[in-house]
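Here the structure is laid out as structure tokens; the discussion comes afterwards.
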Amino acid sequence: MAFKIASDYYKKMADYLRANEQDTIFVLGIDESYANTGVSITYGNPFYGYETIDCISIDDNSTKDKNEYRMLLLDEICTLLDKHKDKSNGTIEYITVVERIRQFSRGFISIDYIKSMGALIAYIIEASSQYIMPTFSVDTRCWKSTVVGNSKPMVNSFHVAPEKYPTLDYVVKHGMKGFVFSEVSEEEGRKLLSHKNPKNIFKSTSGKYVRVDDDKADSICISRFIFEAMSQGKDLDKLLKLEN
């Protein structure tokens with residue numbers, strides 16, 4: 001790592017990047033869950049241009065329990081990082097950002113939830129540490145307000161949960177719908193749309209059936225959080241928490 005992790009870690013990084021246009025940072029953004037984890041990579045310089053270069057999701061369809069899912073997640077993260085290890089020329093820092101564990105749900109503390117998600121993040125930290133990448137967490141409301149801006153629930157024609165739609169809308173409007181939309185067969189599309197409350201599926205104007213991955217959309221925005229926060233002059237040393 002180019003910078004020692006201390007109280008002014010991100011301030012020094014921002015100052016350096018602002019003064020050195022050719023240098024870049026590499027951020028792995030993760031929206032973690034046991035059902036479907038979105039993982040994205042954004043690369044570039046916050047002050048001179050950046051782009052999201054890859055995005056995958058890891059669902060639980062091929063795993064039998066949470067422990068197996070954690071192992072799968074670790075392997076998939078390592079595979080993705082290996083794929084992009086050539087992004088070393090000019091890169092001054094590699095960082096992983098996860099969504100911070102919510103301490104309260106509907107006003108209650110769920111100890112089992114906290115333990116379970118803590119174990120999942122521990123595997124993310126393990127995968128990242130193999131590539132000498134520190135892992136930080138960011139509060140949900142923080143990354144949404146910084147990257148997306150408007151996070152008010154919105155009813156939509158994609159059958160995406162209203163509270164998740166603003167993030168998806170941001171991704172689509174920024175030319176990244178290829179990451180979050182995937183065509184499915186007519187048979188599968190008809191079946192999914194026939195449900196009483198269809199979820200994350202729509203029929204396009206061209207007649208194709210398209211599945212929507214809003215977890216990927218969240219991970220894209222998480223991976224772009226550092227870039228947006230730096231360009232907006234926000235104090236990242238206060239907004240991000242080192243996980244270890």
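Values below: all heavy atoms of this structure, side chains included; hydrogens, waters and symmetry mates excluded. Quantities reported herein were computed from a predicted structural model and do not represent experimental measurements.
- Residue Tyr209 shares its hydrophobic cluster (ILVMFWY side chains chained together at separations under 4.5 Å) with Val184, Leu192, Leu193, Ile201.
- For Lys164, the salt bridge (charged side-chain N to carboxylate O under 4.0 Å, His left out) partners are Asp214, Asp215, Asp218, not counting sequence neighbours.
- Listed by chain and residue number, nothing satisfies the ring-ring contact (aromatic ring centres under 6.0 Å, His included) test with Phe225 (two or more places apart in sequence, or in another chain).
- For Tyr50, the ring-ring contact (aromatic ring centres under 6.0 Å, His included) criterion is met by Phe227, not counting sequence neighbours.
- Phe202 is linked by a ring-ring contact (aromatic ring centres under 6.0 Å, His included) to Phe158, Phe181, counting only residues two or more places apart in sequence or in another chain.
- Looking only at atom types and distance, the side chain of Glu243 has a donor-acceptor partner in the side chain of Ser137 under 3.5 Å away.
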side-chain contact (heavy atoms from CB on, under 4.5 Å) between Thr146 and Lys234, worked out: CA-CA 9 Å; Thr146 300; Lys234 293 192 174 184; 2.9 Å; yes

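- In this structure Asp54 satisfies the salt bridge (charged side-chain N to carboxylate O under 4.0 Å, His left out) test together with Lys83, sequence neighbours excluded.
- When the ring-ring contact (aromatic ring centres under 6.0 Å, His included) test is applied to His84, no partner is found at least two apart in sequence or on another chain.
- Applying the salt bridge (charged side-chain N to carboxylate O under 4.0 Å, His left out) criterion to Lys177, with sequence neighbours excluded, gives no partner residue.
- Distance alone, capped at 3.5 Å, places no donor-acceptor pair between the Arg211 side chain and the Ser182 backbone.
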Taking distance alone, no hydrogens or angles, what donor-acceptor pairs closer than 3.5 Å link side-chain atoms of residues 111-122 to residues at least two apart or in another chain?
unit_1 : atom_1 : unit_2 : atom_2 : d
Ser116 : OG     : Lys66  : NZ     : 3.2

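- Contacts of Asp23 classified as side-chain hydrogen bond (donor to acceptor under 3.5 Å, both in side chains), with partners at least two apart in sequence or in another chain: Tyr16.
- Looking at residues two or more places apart in sequence or on another chain, you find a salt bridge (charged side-chain N to carboxylate O under 4.0 Å, His left out) between Lys173 and Asp169.
- Side-chain atoms of Ile5 and Pro134, non-hydrogen and from C-beta on, do get closer than 4.5 Å to each other.
- Sorted by first then second residue, the side-chain hydrogen bond (donor to acceptor under 3.5 Å, both in side chains) pairs that include residues 69-78, not counting sequence neighbours, are Tyr34-Arg70, Thr37-Tyr69.
- With salt bridges taken as basic N to acidic carboxylate O contacts below 4.0 Å, none links Asp15 and Lys12.
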